[in-house]
Amino acid sequence: MPTPKPLPSLRTLSTRQSVARRINLIEQFVHHRHYDPTGLMYSHINWDKERPFRRSDFTKIDSTLPGPEPQQWISYENSSFISGIFLAAQCYRHQATGEPEALAMADRAFGSIDTNYRLTEQRDPTAAGLNQKAGSIDPTSQGGARKNGWFCKPYGGLATDHTSTEQHFGPLWGLFLYHPIASPETQDRITQIFREVSQRWCQNYRINFVGEAWDLEQSNPRAQRHMFLWSVIHRMAYALTGDSASLEEYERLDALFGAIPTPRETAHGLGRPHYISTEDRSFHVQIVIGAEILSQLEPAKKSRYLRGMKAWWEYSFIGQREDLLSYYFIKVDSRTGDWEKLPLSIKPRPLWTSSFMLHNAILPVCWLGTRERQGITSAIVARCSRGVAPRARKHLGRLYRELDKRHLKWFVDPEGVMPKEITWMTNVLQGDSLAFYSLGYWYARAHQIELD
(Lines give C-alpha, C1' and ligand atoms only; values in the text may rest on other atoms or scores of the structure.)
Protein backbone atom coordinates (compact mmCIF):
# COMPACT_ATOMS: atom_id res chain seq x y z
CA MET A 1 0.00 0.00 0.00
CA PRO A 2 1.49 3.38 -0.99
CA THR A 3 2.37 5.82 1.77
CA PRO A 4 -0.34 8.53 2.07
CA LYS A 5 0.76 11.90 0.79
CA PRO A 6 1.30 14.28 3.74
CA LEU A 7 -1.23 17.06 4.09
CA PRO A 8 0.02 20.54 3.17
CA SER A 9 1.39 22.65 6.02
CA LEU A 10 1.88 26.39 6.12
CA ARG A 11 4.91 26.01 8.38
CA THR A 12 7.07 25.75 5.28
CA LEU A 13 5.81 29.06 3.84
CA SER A 14 8.97 31.12 3.29
CA THR A 15 10.25 34.08 1.32
CA ARG A 16 12.90 31.71 -0.02
CA GLN A 17 10.14 30.22 -2.15
CA SER A 18 8.79 31.87 -5.27
CA VAL A 19 5.54 33.77 -4.91
CA ALA A 20 3.85 31.17 -7.13
CA ARG A 21 5.01 28.36 -4.82
CA ARG A 22 3.76 30.17 -1.73
CA ILE A 23 0.35 30.81 -3.26
CA ASN A 24 0.08 27.19 -4.37
CA LEU A 25 0.87 26.03 -0.83
CA ILE A 26 -1.82 28.33 0.59
CA GLU A 27 -4.37 27.05 -1.91
CA GLN A 28 -3.51 23.41 -1.26
CA PHE A 29 -3.93 24.05 2.45
CA VAL A 30 -7.35 25.62 1.91
CA HIS A 31 -8.52 22.88 -0.45
CA HIS A 32 -7.39 19.98 1.71
CA ARG A 33 -7.54 21.28 5.29
CA HIS A 34 -9.85 24.29 5.55
CA TYR A 35 -13.33 22.75 5.14
CA ASP A 36 -15.45 21.08 7.81
CA PRO A 37 -17.11 17.67 7.22
CA THR A 38 -20.31 19.32 5.94
CA GLY A 39 -18.43 21.31 3.29
CA LEU A 40 -18.40 24.69 5.05
CA MET A 41 -15.13 26.56 4.79
CA TYR A 42 -13.64 27.39 8.17
CA SER A 43 -13.10 30.99 9.13
CA HIS A 44 -10.25 31.24 11.69
CA ILE A 45 -8.19 28.29 12.93
CA ASN A 46 -5.42 27.62 15.44
CA TRP A 47 -2.29 29.31 14.02
CA ASP A 48 0.25 27.14 15.82
CA LYS A 49 -1.45 23.76 15.40
CA GLU A 50 -2.96 24.50 11.96
CA ARG A 51 -6.32 22.95 12.78
CA PRO A 52 -9.79 24.13 13.80
CA PHE A 53 -10.11 25.36 17.37
CA ARG A 54 -11.35 23.00 20.07
CA ARG A 55 -13.00 23.85 23.36
CA SER A 56 -9.84 22.67 25.11
CA ASP A 57 -7.86 25.45 23.38
CA PHE A 58 -9.56 28.00 25.64
CA THR A 59 -9.20 28.50 29.37
CA LYS A 60 -11.76 29.71 31.89
CA ILE A 61 -10.26 33.18 31.95
CA ASP A 62 -10.32 33.68 28.17
CA SER A 63 -12.66 36.44 27.09
CA THR A 64 -14.63 35.70 23.90
CA LEU A 65 -17.74 36.81 22.03
CA PRO A 66 -20.92 36.23 24.07
CA GLY A 67 -23.33 33.55 22.94
CA PRO A 68 -21.67 30.77 20.99
CA GLU A 69 -18.92 28.60 22.38
CA PRO A 70 -15.58 30.17 21.41
CA GLN A 71 -14.68 27.41 18.93
CA GLN A 72 -18.14 27.74 17.32
CA TRP A 73 -17.68 31.46 16.88
CA ILE A 74 -14.09 31.68 15.74
CA SER A 75 -14.27 28.69 13.38
CA TYR A 76 -17.19 30.05 11.35
CA GLU A 77 -17.31 33.84 11.82
CA ASN A 78 -16.50 34.73 8.19
CA SER A 79 -17.20 31.41 6.51
CA SER A 80 -19.45 32.68 3.73
CA PHE A 81 -17.29 35.76 3.08
CA ILE A 82 -14.01 33.93 2.62
CA SER A 83 -15.68 31.15 0.64
CA GLY A 84 -16.70 33.81 -1.88
CA ILE A 85 -13.27 35.43 -1.89
CA PHE A 86 -11.55 32.08 -2.48
CA LEU A 87 -14.07 31.25 -5.22
CA ALA A 88 -13.29 34.57 -6.91
CA ALA A 89 -9.57 33.78 -6.68
CA GLN A 90 -10.05 30.48 -8.46
CA CYS A 91 -12.12 32.15 -11.16
CA TYR A 92 -9.24 34.54 -11.86
CA ARG A 93 -6.84 31.58 -11.71
CA HIS A 94 -8.91 29.81 -14.35
CA GLN A 95 -8.90 32.99 -16.44
CA ALA A 96 -5.11 33.22 -16.16
CA THR A 97 -4.19 29.55 -16.66
CA GLY A 98 -7.20 27.42 -17.61
CA GLU A 99 -5.98 24.83 -15.10
CA PRO A 100 -8.52 22.09 -14.26
CA GLU A 101 -7.46 22.33 -10.62
CA ALA A 102 -8.80 25.89 -10.53
CA LEU A 103 -12.25 24.57 -11.42
CA ALA A 104 -11.97 21.81 -8.82
CA MET A 105 -11.10 24.34 -6.10
CA ALA A 106 -13.81 26.69 -7.33
CA ASP A 107 -16.37 23.90 -7.19
CA ARG A 108 -15.52 23.14 -3.57
CA ALA A 109 -15.70 26.81 -2.60
CA PHE A 110 -19.08 27.02 -4.34
CA GLY A 111 -20.15 24.03 -2.27
CA SER A 112 -19.33 25.93 0.91
CA ILE A 113 -21.45 28.89 -0.21
CA ASP A 114 -24.31 26.62 -1.24
CA THR A 115 -24.14 24.72 2.06
CA ASN A 116 -24.37 27.99 3.97
CA TYR A 117 -27.33 29.15 1.90
CA ARG A 118 -29.16 25.86 2.43
CA LEU A 119 -28.81 26.15 6.21
CA THR A 120 -31.49 28.82 6.34
CA GLU A 121 -33.24 27.89 3.08
CA GLN A 122 -34.01 24.36 4.25
CA ARG A 123 -34.38 25.03 7.95
CA ASP A 124 -37.25 23.18 9.59
CA PRO A 125 -39.20 25.81 11.58
CA THR A 126 -40.30 23.16 14.10
CA ALA A 127 -36.83 21.77 14.76
CA ALA A 128 -34.68 22.62 17.75
CA GLY A 129 -31.55 24.57 16.98
CA LEU A 130 -29.48 27.60 17.79
CA ASN A 131 -30.99 30.99 17.05
CA GLN A 132 -28.92 34.13 16.86
CA LYS A 133 -30.73 36.99 18.52
CA ALA A 134 -29.33 40.48 19.02
CA GLY A 135 -25.79 39.30 18.65
CA SER A 136 -25.81 36.24 20.93
CA ILE A 137 -27.06 32.71 20.50
CA ASP A 138 -29.99 31.56 22.61
CA PRO A 139 -29.48 27.77 22.83
CA THR A 140 -32.90 27.26 24.41
CA SER A 141 -34.81 28.78 21.50
CA GLN A 142 -36.71 26.61 19.07
CA GLY A 143 -37.03 26.84 15.35
CA GLY A 144 -37.54 30.04 13.45
CA ALA A 145 -38.91 30.71 9.99
CA ARG A 146 -37.08 29.76 6.83
CA LYS A 147 -35.15 32.61 5.26
CA ASN A 148 -34.57 32.48 1.53
CA GLY A 149 -32.08 35.09 0.37
CA TRP A 150 -29.94 34.94 3.50
CA PHE A 151 -26.33 33.97 4.17
CA CYS A 152 -25.71 33.49 7.88
CA LYS A 153 -22.71 33.30 10.16
CA PRO A 154 -23.01 29.54 10.78
CA TYR A 155 -21.65 29.29 14.30
CA GLY A 156 -20.99 25.65 15.07
CA GLY A 157 -21.92 24.81 11.48
CA LEU A 158 -25.59 25.60 12.24
CA ALA A 159 -28.15 28.09 10.96
CA THR A 160 -28.23 31.37 12.88
CA ASP A 161 -29.98 34.70 12.52
CA HIS A 162 -26.62 36.49 12.56
CA THR A 163 -25.18 38.04 9.40
CA SER A 164 -23.55 41.17 7.96
CA THR A 165 -23.15 42.94 4.64
CA GLU A 166 -19.83 41.25 3.85
CA GLN A 167 -21.30 37.80 4.47
CA HIS A 168 -23.47 38.53 1.42
CA PHE A 169 -21.13 40.60 -0.74
CA GLY A 170 -18.24 38.11 -0.62
CA PRO A 171 -20.14 35.01 -1.72
CA LEU A 172 -22.27 36.87 -4.25
CA TRP A 173 -19.24 38.40 -5.96
CA GLY A 174 -17.63 34.98 -6.13
CA LEU A 175 -20.83 33.51 -7.58
CA PHE A 176 -21.05 36.35 -10.11
CA LEU A 177 -17.56 35.55 -11.40
CA TYR A 178 -18.19 31.80 -11.29
CA HIS A 179 -21.44 31.93 -13.25
CA PRO A 180 -19.89 32.09 -16.76
CA ILE A 181 -17.71 29.00 -16.20
CA ALA A 182 -20.09 26.96 -14.03
CA SER A 183 -22.21 24.03 -15.21
CA PRO A 184 -25.74 24.86 -16.46
CA GLU A 185 -27.22 23.42 -13.27
CA THR A 186 -24.96 25.57 -11.11
CA GLN A 187 -25.69 28.62 -13.24
CA ASP A 188 -29.40 28.13 -12.53
CA ARG A 189 -28.67 27.83 -8.81
CA ILE A 190 -26.57 31.00 -8.84
CA THR A 191 -29.33 32.92 -10.63
CA GLN A 192 -31.87 31.64 -8.10
CA ILE A 193 -29.70 32.77 -5.18
CA PHE A 194 -29.21 36.25 -6.66
CA ARG A 195 -32.93 36.64 -7.31
CA GLU A 196 -33.86 35.59 -3.77
CA VAL A 197 -31.21 37.73 -2.09
CA SER A 198 -32.21 40.80 -4.07
CA GLN A 199 -35.91 40.26 -3.32
CA ARG A 200 -35.35 39.60 0.38
CA TRP A 201 -33.13 42.60 1.04
CA CYS A 202 -34.79 45.16 -1.23
CA GLN A 203 -35.50 48.19 1.02
CA ASN A 204 -35.13 46.08 4.17
CA TYR A 205 -31.62 46.24 5.57
CA ARG A 206 -32.11 45.38 9.22
CA ILE A 207 -29.78 42.98 11.01
CA ASN A 208 -28.66 42.07 14.51
CA PHE A 209 -24.91 42.26 14.97
CA VAL A 210 -22.96 41.64 18.19
CA GLY A 211 -25.75 42.78 20.44
CA GLU A 212 -26.65 45.80 18.34
CA ALA A 213 -29.74 46.20 16.15
CA TRP A 214 -28.82 47.88 12.87
CA ASP A 215 -30.98 49.43 10.22
CA LEU A 216 -28.06 49.71 7.84
CA GLU A 217 -29.63 52.34 5.60
CA GLN A 218 -30.24 54.67 8.56
CA SER A 219 -27.05 53.86 10.46
CA ASN A 220 -24.71 56.78 9.81
CA PRO A 221 -21.82 56.76 9.21
CA ARG A 222 -22.06 53.04 8.42
CA ALA A 223 -24.73 53.55 5.75
CA GLN A 224 -22.32 55.17 3.28
CA ARG A 225 -20.19 52.06 2.94
CA HIS A 226 -22.74 49.31 3.57
CA MET A 227 -25.43 50.64 1.27
CA PHE A 228 -23.02 51.18 -1.60
CA LEU A 229 -22.29 47.46 -1.45
CA TRP A 230 -25.99 46.63 -1.48
CA SER A 231 -26.32 48.73 -4.63
CA VAL A 232 -23.59 46.58 -6.20
CA ILE A 233 -25.37 43.39 -5.11
CA HIS A 234 -28.65 44.49 -6.69
CA ARG A 235 -26.88 45.52 -9.91
CA MET A 236 -25.18 42.11 -10.15
CA ALA A 237 -28.56 40.50 -9.51
CA TYR A 238 -30.08 42.47 -12.38
CA ALA A 239 -27.24 41.42 -14.69
CA LEU A 240 -28.03 37.75 -14.04
CA THR A 241 -31.79 37.77 -13.55
CA GLY A 242 -33.06 40.70 -15.58
CA ASP A 243 -35.49 41.51 -12.74
CA SER A 244 -36.52 45.15 -13.00
CA ALA A 245 -36.96 45.45 -9.21
CA SER A 246 -33.24 44.73 -8.75
CA LEU A 247 -32.31 47.46 -11.23
CA GLU A 248 -34.66 49.93 -9.56
CA GLU A 249 -33.16 49.25 -6.14
CA TYR A 250 -29.64 49.66 -7.52
CA GLU A 251 -30.64 53.00 -9.03
CA ARG A 252 -32.27 54.17 -5.78
CA LEU A 253 -29.24 53.26 -3.67
CA ASP A 254 -26.77 54.58 -6.23
CA ALA A 255 -28.45 57.97 -6.16
CA LEU A 256 -28.08 58.06 -2.37
CA PHE A 257 -24.72 56.38 -1.79
CA GLY A 258 -22.95 56.14 -5.15
CA ALA A 259 -20.47 58.90 -4.33
CA ILE A 260 -18.94 56.37 -1.89
CA PRO A 261 -17.22 58.83 0.48
CA THR A 262 -14.60 57.54 2.87
CA PRO A 263 -15.27 58.00 6.61
CA ARG A 264 -13.05 61.08 6.51
CA GLU A 265 -15.44 62.62 3.99
CA THR A 266 -18.75 61.93 5.71
CA ALA A 267 -20.74 64.37 7.81
CA HIS A 268 -19.59 62.34 10.83
CA GLY A 269 -15.92 62.77 10.12
CA LEU A 270 -15.46 65.93 8.11
CA GLY A 271 -13.86 68.79 9.97
CA ARG A 272 -13.17 67.16 13.33
CA PRO A 273 -10.96 64.44 14.78
CA HIS A 274 -12.54 61.11 15.59
CA TYR A 275 -11.71 57.47 16.12
CA ILE A 276 -11.56 54.87 13.39
CA SER A 277 -10.88 51.17 13.97
CA THR A 278 -8.86 48.98 11.65
CA GLU A 279 -12.00 47.17 10.57
CA ASP A 280 -13.38 50.44 9.17
CA ARG A 281 -10.23 50.78 7.09
CA SER A 282 -10.19 47.13 6.03
CA PHE A 283 -13.69 47.64 4.61
CA HIS A 284 -11.95 49.44 1.75
CA VAL A 285 -11.50 46.10 -0.03
CA GLN A 286 -15.21 45.73 -0.70
CA ILE A 287 -15.56 49.32 -1.87
CA VAL A 288 -12.68 48.94 -4.33
CA ILE A 289 -14.07 45.65 -5.66
CA GLY A 290 -17.58 47.08 -5.85
CA ALA A 291 -16.36 50.17 -7.68
CA GLU A 292 -14.67 48.00 -10.30
CA ILE A 293 -17.81 45.90 -10.77
CA LEU A 294 -20.01 48.95 -11.31
CA SER A 295 -17.48 50.66 -13.56
CA GLN A 296 -17.85 47.64 -15.84
CA LEU A 297 -21.64 47.24 -15.56
CA GLU A 298 -22.36 50.98 -15.67
CA PRO A 299 -19.62 52.48 -17.87
CA ALA A 300 -21.34 55.87 -18.11
CA LYS A 301 -20.71 56.33 -14.37
CA LYS A 302 -17.19 54.90 -14.44
CA SER A 303 -15.32 58.10 -13.54
CA ARG A 304 -17.35 58.52 -10.35
CA TYR A 305 -16.72 54.96 -9.22
CA LEU A 306 -13.01 55.20 -9.98
CA ARG A 307 -12.71 58.37 -7.90
CA GLY A 308 -14.22 56.51 -4.98
CA MET A 309 -11.99 53.51 -5.58
CA LYS A 310 -8.82 55.62 -5.41
CA ALA A 311 -9.97 57.48 -2.29
CA TRP A 312 -10.78 54.28 -0.38
CA TRP A 313 -7.51 52.59 -1.37
CA GLU A 314 -5.54 55.59 -0.10
CA TYR A 315 -7.68 55.68 3.04
CA SER A 316 -6.66 52.11 3.90
CA PHE A 317 -3.10 53.27 4.66
CA ILE A 318 -4.20 55.39 7.63
CA GLY A 319 -2.91 53.76 10.80
CA GLN A 320 -0.54 51.43 8.94
CA ARG A 321 3.01 51.10 10.25
CA GLU A 322 6.21 50.81 8.23
CA ASP A 323 6.04 47.02 8.63
CA LEU A 324 2.48 47.14 7.18
CA LEU A 325 0.81 46.13 10.43
CA SER A 326 -2.20 48.35 11.13
CA TYR A 327 -3.05 49.59 14.60
CA TYR A 328 -6.52 48.41 15.50
CA PHE A 329 -7.41 51.62 17.35
CA ILE A 330 -6.18 55.03 16.27
CA LYS A 331 -7.09 58.67 16.59
CA VAL A 332 -7.24 60.43 13.23
CA ASP A 333 -7.74 64.05 12.31
CA SER A 334 -10.24 63.82 9.46
CA ARG A 335 -9.17 67.22 8.15
CA THR A 336 -5.54 66.25 7.56
CA GLY A 337 -5.38 62.47 7.79
CA ASP A 338 -2.81 62.70 10.58
CA TRP A 339 -3.17 59.81 13.00
CA GLU A 340 -1.72 58.43 16.18
CA LYS A 341 -2.03 55.10 17.95
CA LEU A 342 -4.05 55.06 21.13
CA PRO A 343 -2.65 53.94 24.49
CA LEU A 344 -4.00 51.02 26.50
CA SER A 345 -7.31 51.81 28.18
CA ILE A 346 -9.81 49.32 29.64
CA LYS A 347 -13.21 50.35 30.99
CA PRO A 348 -14.06 49.48 34.60
CA ARG A 349 -16.01 46.21 34.49
CA PRO A 350 -19.27 47.74 35.81
CA LEU A 351 -19.33 49.86 32.63
CA TRP A 352 -18.77 46.99 30.20
CA THR A 353 -21.41 46.67 27.48
CA SER A 354 -20.31 43.14 26.55
CA SER A 355 -18.52 40.27 28.23
CA PHE A 356 -15.89 40.35 25.44
CA MET A 357 -12.92 42.38 26.69
CA LEU A 358 -12.02 43.68 23.22
CA HIS A 359 -15.38 45.47 23.09
CA ASN A 360 -14.45 47.37 26.25
CA ALA A 361 -10.80 48.20 25.67
CA ILE A 362 -8.54 50.33 23.52
CA LEU A 363 -5.18 48.70 22.90
CA PRO A 364 -2.05 49.50 20.86
CA VAL A 365 -2.32 46.13 19.12
CA CYS A 366 -2.26 45.44 15.40
CA TRP A 367 -4.48 43.57 12.98
CA LEU A 368 -3.21 42.14 9.71
CA GLY A 369 -6.52 42.24 7.86
CA THR A 370 -5.78 45.47 6.00
CA ARG A 371 -2.44 44.19 4.68
CA GLU A 372 -3.91 41.04 3.15
CA ARG A 373 -6.76 43.00 1.57
CA GLN A 374 -4.36 45.49 0.00
CA GLY A 375 -3.18 42.70 -2.29
CA ILE A 376 -6.36 42.64 -4.34
CA THR A 377 -7.07 46.36 -3.97
CA SER A 378 -3.57 47.38 -5.03
CA ALA A 379 -3.87 45.12 -8.07
CA ILE A 380 -7.25 46.61 -9.01
CA VAL A 381 -6.01 50.17 -8.49
CA ALA A 382 -2.85 49.43 -10.49
CA ARG A 383 -5.09 48.38 -13.38
CA CYS A 384 -7.82 51.01 -13.10
CA SER A 385 -6.39 54.19 -11.58
CA ARG A 386 -3.61 55.71 -13.66
CA GLY A 387 -2.68 58.43 -11.22
CA VAL A 388 -1.59 56.05 -8.47
CA ALA A 389 -0.89 52.92 -10.54
CA PRO A 390 2.92 53.01 -10.08
CA ARG A 391 2.55 53.31 -6.30
CA ALA A 392 -0.04 50.56 -6.25
CA ARG A 393 2.21 48.20 -8.27
CA LYS A 394 5.13 48.90 -5.95
CA HIS A 395 3.03 48.18 -2.86
CA LEU A 396 1.61 45.04 -4.44
CA GLY A 397 5.10 43.72 -5.14
CA ARG A 398 6.21 44.32 -1.57
CA LEU A 399 3.18 42.52 -0.11
CA TYR A 400 3.98 39.34 -1.99
CA ARG A 401 7.77 39.49 -1.72
CA GLU A 402 7.54 39.62 2.09
CA LEU A 403 4.70 37.12 2.51
CA ASP A 404 5.31 34.34 5.04
CA LYS A 405 3.27 32.57 7.71
CA ARG A 406 3.51 35.50 10.13
CA HIS A 407 1.28 37.48 7.80
CA LEU A 408 -1.54 34.97 8.15
CA LYS A 409 -2.20 35.86 11.80
CA TRP A 410 -5.27 37.67 13.08
CA PHE A 411 -3.83 39.94 15.80
CA VAL A 412 -0.27 40.68 16.86
CA ASP A 413 0.91 42.43 20.01
CA PRO A 414 4.09 44.33 19.10
CA GLU A 415 4.30 46.10 22.45
CA GLY A 416 3.42 43.13 24.68
CA VAL A 417 0.38 44.83 26.23
CA MET A 418 -2.40 42.36 25.38
CA PRO A 419 -4.28 41.45 28.59
CA LYS A 420 -4.03 37.76 29.45
CA GLU A 421 -7.79 37.33 28.92
CA ILE A 422 -7.38 37.91 25.18
CA THR A 423 -3.83 36.74 24.43
CA TRP A 424 -5.42 33.73 22.72
CA MET A 425 -6.24 36.13 19.86
CA THR A 426 -2.55 36.23 18.89
CA ASN A 427 -2.64 32.49 18.08
CA VAL A 428 -5.32 32.70 15.40
CA LEU A 429 -4.74 32.06 11.70
CA GLN A 430 -7.12 34.33 9.84
CA GLY A 431 -8.87 32.50 7.02
CA ASP A 432 -9.43 35.83 5.26
CA SER A 433 -5.68 36.00 4.67
CA LEU A 434 -5.59 32.64 2.90
CA ALA A 435 -8.34 33.69 0.51
CA PHE A 436 -7.12 37.25 -0.09
CA TYR A 437 -3.50 36.39 -0.86
CA SER A 438 -4.72 33.86 -3.41
CA LEU A 439 -7.14 36.42 -4.86
CA GLY A 440 -4.65 39.28 -5.24
CA TYR A 441 -2.12 36.98 -6.87
CA TRP A 442 -4.50 35.54 -9.47
CA TYR A 443 -6.15 38.86 -10.25
CA ALA A 444 -2.69 40.25 -11.01
CA ARG A 445 -1.82 37.21 -13.14
CA ALA A 446 -5.11 37.37 -15.02
CA HIS A 447 -4.50 41.04 -15.87
CA GLN A 448 -0.74 40.76 -16.57
CA ILE A 449 0.29 42.87 -13.59
CA GLU A 450 3.84 42.14 -12.46
CA LEU A 451 4.34 41.20 -8.82
CA ASP A 452 8.12 41.54 -8.74
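Worth saying up front: this structure is predicted, and the values here are computed from it rather than measured.
- Evaluated for a ring pair (Phe, Tyr, Trp, His ring centres under 6.0 Å) with Tyr42, the options Tyr35, Phe29, Tyr76, Phe86 yield exactly one hit, Tyr76.
- Inter-residue side-chain proximity for Leu368 and Val412 is flagged as met; some heavy-atom pair is nearer than 4.5 Å.
- A distance-only check finds a donor-acceptor pair linking the side chain of Gln72 to the backbone of Glu69 [under 3.5 Å].
- Ionic pairing of Arg398 and Glu402 is present here: one or more N-O contacts between side-chain nitrogen and carboxylate oxygen are shorter than 4.0 angstrom.
- Under the 3.5 Å distance criterion, the side-chain polar atoms of Arg225 are left unmatched by any main-chain donor or acceptor of Ile287.
- Of the possible polar contacts, none joining the Asn78 side chain to the Phe81 backbone as a donor-acceptor pair under 3.5 Å is found.
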With side chain to side chain donor-acceptor pair (under 3.5 Å) as the criterion, how do Thr165 and His226 come out once you've worked through the C-alpha distance, each side chain's angles and the decisive distance to 0.1 Å? CA-CA 6 Å; Thr165 299; His226 284 276; 2.7 Å; yes
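- Residues Ser164 and Phe169 fail the side-chain proximity criterion, which asks for heavy atoms closer than 4.5 Å.
- Two residues are said to be in side-chain contact when any heavy atoms from C-beta on lie closer than 4.5 Å; Arg33 and Ile45 fail this criterion.
- Taking the six-membered ring for Trp, Tyr250 and Tyr238 have ring centres at least 6.0 Å apart.
- Contact of the Ile422 side chain with the Phe411 side chain is not registered, since no non-hydrogen atoms from C-beta on lie closer than 4.5 Å.
- In this structure, the side chain of Lys409 engages the main chain of Thr426 through a donor-acceptor pair within 3.5 Å.
- A side-chain donor-acceptor contact under 3.5 Å links Ser112 to the backbone of Met41.
- Judged by distance alone, the side chain of Arg11 and the main-chain N or O of Asp48 form a donor-acceptor pair under 3.5 Å.
- Scanning for ring pair (Phe, Tyr, Trp, His ring centres under 6.0 Å) contacts around His407 gives an empty result, with sequence neighbours left out.
- Counting only distance, with no hydrogens or angles, the side chain of Thr163 and the backbone of Phe151 share a donor-acceptor pair below 3.5 Å.
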Run the side chain to side chain contact (heavy atoms under 4.5 Å, CB included) check on Glu372 and Asp432 step by step: do they pass? CA-CA 8 Å; Glu372 66 211 24; Asp432 306 43; 3.3 Å; yes
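- Minimum interatomic distance between Phe329 and Leu363 (heavy atoms only, all atoms of both residues): CD1-N, 3.4 Å.
- A donor-acceptor pair is defined here as one N or O able to donate and one able to accept, closer than 3.5 Å; such a pair exists between the side chain of Asn360 and the backbone of Ser354.
- Taking the centre of each ring, Phe176 and Trp173 stay at or above the 6.0 Å mark.
- Here Glu121 pairs with Arg189 in a salt bridge; the nearest charged N to carboxylate O distance falls below 4.0 Å.
- Looking at Arg264 and Glu314, no side-chain N of the basic residue comes within less than 4.0 Å of a carboxylate O on the acidic one, giving no salt bridge.
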As a quick check of understanding, evaluate side chain to side chain contact (heavy atoms under 4.5 Å, CB included) for Ile193 and Asp114, giving each step before the final call. CA-CA 9 Å; Ile193 290 172; Asp114 196 43; 4.3 Å; yes
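- Residues forming a side chain to side chain donor-acceptor pair (under 3.5 Å) with Gln199 (at least two apart in sequence, or on another chain): none.
- Defined by atom type and a distance below 3.5 Å, a donor-acceptor pair is missing between the side-chain atoms of Arg195 and Gln192.
- The shortest distance between side-chain heavy atoms of His395 and Phe317 falls below 4.5 Å.
- With sequence neighbours left out, the side chain to side chain contact (heavy atoms under 4.5 Å, CB included) criterion links Gln28 to Pro8, Asn24, His32, Glu101, Met105.
- In summary, the side chains of Thr64 and Asp62 do not present any donor paired with an acceptor at a separation below 3.5 Å, with no hydrogens or angles considered.
- Of all heavy-atom pairs between Gly431 and His34, the closest is CA-NE2, 3.9 Å.
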I would like to know whether Gln374 and Arg371 meet side chain to side chain donor-acceptor pair (under 3.5 Å); could you show each step before the answer? CA-CA 5 Å; Gln374 286 174 340; Arg371 182 192 198 278; over 6 Å; no
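- Rounding to the nearest 0.5 angstrom, the gap separating the CG atom in Asn46 from the CZ atom in Phe53 is 4.5 Å.
- Defined by atom type and a distance below 3.5 Å, a donor-acceptor pair is present between the side-chain atoms of Glu50 and Ser9.
- Note that the CE atom of Met418 and the CG atom of Leu344 stand 10.5 Å from one another [nearest 0.5 Å].
- Using a distance-only test at 3.5 Å, with no hydrogens or angles considered, no donor-acceptor pair links the side chain of Ser219 to the main chain of Leu216.
- Residues meeting the ring pair (Phe, Tyr, Trp, His ring centres under 6.0 Å) test with Tyr92, sequence neighbours left out: Tyr443, His447.
- Listed by chain and residue number, Asp323, Leu325, Tyr327, Cys366, Pro414 satisfy the side chain to side chain contact (heavy atoms under 4.5 Å, CB included) test with Arg321 (two or more places apart in sequence, or in another chain).
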Determine, stepwise, if the pair Asp404 / Ser14 fulfils side chain to side chain contact (heavy atoms under 4.5 Å, CB included). CA-CA 5 Å; Asp404 61 26; Ser14 168; 5.9 Å; no
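- Taking 4.5 Å as the limit, every side-chain heavy atom of Glu27 sits out of range of all side-chain heavy atoms of Tyr441.
- In this structure, a donor-acceptor pair under 3.5 Å is absent between the side chains of Thr370 and Gln320.
- Considering all non-hydrogen atoms of both residues, Ser79 and Ser83 come closest at O-OG, 2.7 Å.
- More than 12 non-hydrogen atoms from other residues, nucleotides or ligands lie less than 6.0 angstrom from OH of Tyr400.
- Distance alone, capped at 3.5 Å, is enough to place a donor-acceptor pair between the Thr120 side chain and the Trp150 backbone.
- When all heavy atoms are compared, the tightest approach of Ser198 to His234 is OG-ND1, 2.8 Å.
- How far CG of Leu175 is from CD1 of Ile113: 4.5 Å, rounded to the nearest 0.5 Å.
- Ring-centre distance between Trp230 and His168: below the 6.0 Å cut-off.
- Across every non-hydrogen atom of Leu408 and Leu13, the tightest pair is CD1-CD2, 4.1 Å.
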Going through the checks in order, is the side chain to side chain contact (heavy atoms under 4.5 Å, CB included) test met by Thr191 and His179? CA-CA 8 Å; Thr191 301; His179 185 272; 3.6 Å; yes
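- From Ile293, atom CD1 reaches atom CD of Gln286 across 10.5 Å, with rounding to the nearest 0.5 Å.
- For the pair Leu119 and Cys152, the minimum side-chain heavy-atom distance is below 4.5 Å.
- By the 4.5 Å heavy-atom criterion applied to side chains, Trp313 and Val388 are counted as neighbours.
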N/O donor to acceptor pairs below 3.5 angstrom from side-chain atoms of residues 345-353, sequence neighbours left out:
residue	atom	partner	partner atom	Å
Trp352	NE1	Lys347	O	2.8

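- Listed here is the closest heavy atom pair of Gly258 and Phe228: CA-CD1, 4.4 Å.
- Aromatic ring pairs are classed by plane angle as parallel below 30°, tilted from 30° to 60° and perpendicular above 60°; the pair Trp73 and Trp424 is perpendicular.
- Residue Arg54 qualifies as open at atom CZ: its count of foreign heavy atoms under 6.0 Å is 12 or below.
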